[in-house]
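Taking it in order: structure first as structure tokens, then the write-up.
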Protein chains: 2
Amino acid sequence: MALPQKNKIETLRVIAHPVRLRILDELAKGVKCVSDFEDFLGISQPNVSQHLALLRNHGIIDYYIDGRLRCYFLVDPMVPDILDILKKEYAGTLPAPACCPITKKGKYPGDRTN
Amino acid sequence: MALPQKNKIETLRVIAHPVRLRILDELAKGVKCVSDFEDFLGISQPNVSQHLALLRNHGIIDYYIDGRLRCYFLVDPMVPDILDILKKEYAGTLPAPACCPITKKGKYPGDRTN
DNA sequence: AAAATATATAAGGATATTTGAATGTTGTGT
DNA sequence: ACACAACATTCAAATATCCTTATATATTTT
């Protein structure tokens, strides 16, 4: 499959925010309502609602109403996979290529000084 | 491990851009230089260089010099994993929770009309 | 040495994101 | 009906991102 799946890239962009990632990480553990996040994140209620609205408008989460509570839950199946990657330990970097594939020569990465 | 690994979140944020993802997807296939991207992406050379600089400054890619070419390559091992997820086909959504875990009752998601 | 090539950097304005503050809405309890 | 609780929305300001235009740097070619 080709890369430019606009929706997924949009989703990734929305996900890639410290507060929203913490929200999503919590939701990955189970349903939570707004006031839960307020305590947990230490940010204002309107701000929590704003982040939740953004995630909701992108179809990443949804909620149902229980009295005056709104119980949020995860919808987008990509999210747990992203969270797994963020928690994964990576040792070192990818192997550097031997040389320039165009000219078949060139200085090696380690040789650069600048 | 706890979620807030600031570096990885920053990396994710930088990655989550349509042009940069296409760059990274190309680099995942092999070394490329700036003019390759210029053709491939159909954007201006300065803009290509800016995206490359951003990725470079975050340690996501690196390059080596071969004459007047700069041969870029992938460094961050998280990138291929992210690309895999973006290419993965997801069928449907995550299962909705049965009810509110706090009050043990509540309207179900499908029952909402608004 | 001058010109050309490949790329980087800087400056600028347009647009988008983020958050705080204020206000609205909806449901519950009395 | 009134007050409160839980949450959403709106507005505005600060900040960040993005791309264009212009200019700079380094290397090779002539």
Side-chain angles (χ1 to χ4, degrees), chain A residues 6 9-23 27 31-58 60-73 100-103 105-107 111-114, chain B residues 6 9-23 27 31-58 60-73 100-103 105-107 111-114:
Chain A
K6 261 187 109 182
I9 297 177
E10 260 293 287
T11 297
L12 196 66
R13 196 180 54 86
V14 170
I15 287 176
H17 181 286
V19 169
R20 291 193 287 273
L21 275 170
R22 291 179 68 195
I23 288 175
L27 288 183
V31 179
K32 294 269 180 317
C33 61
V34 180
S35 44
D36 293 335
F37 290 119
E38 210 177 328
D39 303 340
F40 176 68
L41 298 169
I43 63 178
S44 71
Q45 175 269 313
N47 200 8
V48 173
S49 278
Q50 283 163 348
H51 286 298
L52 291 172
L54 190 61
L55 292 166
R56 203 179 347 111
N57 293 334
H58 282 83
I60 299 167
I61 63 176
D62 200 357
Y63 65 91
Y64 59 92
I65 297 168
D66 179 12
R68 43 191 165 190
L69 299 177
R70 298 216 175 177
C71 301
Y72 278 90
F73 57 91
C100 180
I102 298 146
T103 59
K105 58 180 183 176
K107 294 171 198 155
D111 297 345
R112 269 191 298 109
T113 48
N114 60 326
Chain B
K6 262 187 104 181
I9 297 178
E10 261 293 288
T11 297
L12 196 66
R13 196 180 53 88
V14 170
I15 287 176
H17 181 285
V19 169
R20 291 193 288 272
L21 275 169
R22 291 180 68 193
I23 289 175
L27 288 183
V31 178
K32 295 268 179 318
C33 61
V34 180
S35 44
D36 293 334
F37 290 120
E38 211 176 327
D39 303 338
F40 175 69
L41 299 169
I43 63 179
S44 71
Q45 176 270 313
N47 200 8
V48 174
S49 277
Q50 282 163 349
H51 286 299
L52 291 172
L54 189 61
L55 292 166
R56 202 179 348 109
N57 293 335
H58 282 84
I60 298 167
I61 63 177
D62 200 356
Y63 65 91
Y64 59 92
I65 296 168
D66 179 11
R68 45 189 164 187
L69 299 177
R70 298 218 175 177
C71 302
Y72 279 90
F73 56 91
C100 180
I102 297 147
T103 58
K105 59 179 184 177
K107 292 173 198 153
D111 297 347
R112 267 192 300 110
T113 47
N114 60 326

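Chain identifiers are assigned alphabetically (A, B, ...) following the order of the sequence lines, protein sequences preceding nucleic acid strands; residue numbering begins at 1 within each chain. The analysis underlying the following values was restricted to heavy atoms, covering all of them including side chains, and did not include hydrogens, waters or symmetry mates.
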- Check whether any side-chain N or O of His51(B) sits under 4.0 Å from OP1 or OP2 of dT17(D), and answer yes or no.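 Indeed not, no polar side-chain atom of His51(B) lies that close.
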- His17(B) side-chain N/O to dC18(D) phosphate OP1/OP2 under 4.0 Å: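 Result: yes.
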Using whole Å, report how far [atom1] of [X] lies from [atom2] of [N].
X	N	atom1	atom2	result
Leu54(B)	dA8(C)	CG	C1'	14 Å
Glu10(A)	dA16(C)	CD	P	11 Å
Ile65(A)	dT28(C)	CD1	P	10 Å
Tyr64(A)	dG27(C)	OH	P	17 Å
His58(A)	dA16(C)	NE2	P	13 Å
Ile23(A)	dT19(C)	CD1	C1'	13 Å
Ile15(A)	dT17(C)	CD1	C1'	17 Å
Leu41(B)	dC19(D)	CG	P	11 Å

- Flag the pair Leu69(A) / Tyr63(A) as yes when at least one side-chain heavy-atom distance between them is below 4.5 Å, and no otherwise.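 A side-chain contact is absent here, since even the closest heavy-atom pair is not under 4.5 Å.
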- Message: With a 4.5 Å cut-off on side-chain heavy atoms, are Glu10(B) and His58(B) touching?
- Response: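 They are in side-chain contact.
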- Stepwise side chain to side chain contact (heavy atoms under 4.5 Å, CB included) test for Tyr72(A) and Leu52(A): CA-CA 9 Å; Tyr72(A) 278 90; Leu52(A) 291 172; 3.7 Å; yes
- Item | Distance in Å, Ile15(A) CD1 paired with Leu21(A) CG, rounded so as to fall on 0.5 Å steps |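 Answer rounded to 0.5 Å: 7.0 Å.
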- Run through Ile43(A), Asp36(A), Asp39(A) and flag the one making a side chain to side chain contact (heavy atoms under 4.5 Å, CB included) with Val48(A).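 Passing option: Ile43(A).
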- Item | Closest non-hydrogen atom pair, Leu41(A) against Arg22(A) |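 Minimum heavy-atom contact is CD2-CB, 3.7 Å.
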Are any protein N/O atoms closer than 3.5 Å to N/O atoms in nucleotides 6-9 of chain D? If there are, list each pair with its distance.
residue : atom : partner  : partner atom : Å
dA6(D)  : O3'  : Arg68(A) : O            : 3.2
dC7(D)  : OP1  : Val34(A) : N            : 3.3
dC7(D)  : OP1  : Arg70(A) : N            : 3.4
dC7(D)  : OP2  : Ser35(A) : N            : 2.8
dC7(D)  : OP2  : Ser35(A) : OG           : 2.8
dA8(D)  : OP1  : Tyr72(A) : OH           : 2.4
dA8(D)  : OP2  : Ser49(A) : OG           : 2.4
dA8(D)  : N7   : Gln45(A) : NE2          : 2.7
dA8(D)  : N6   : Gln45(A) : OE1          : 3.4

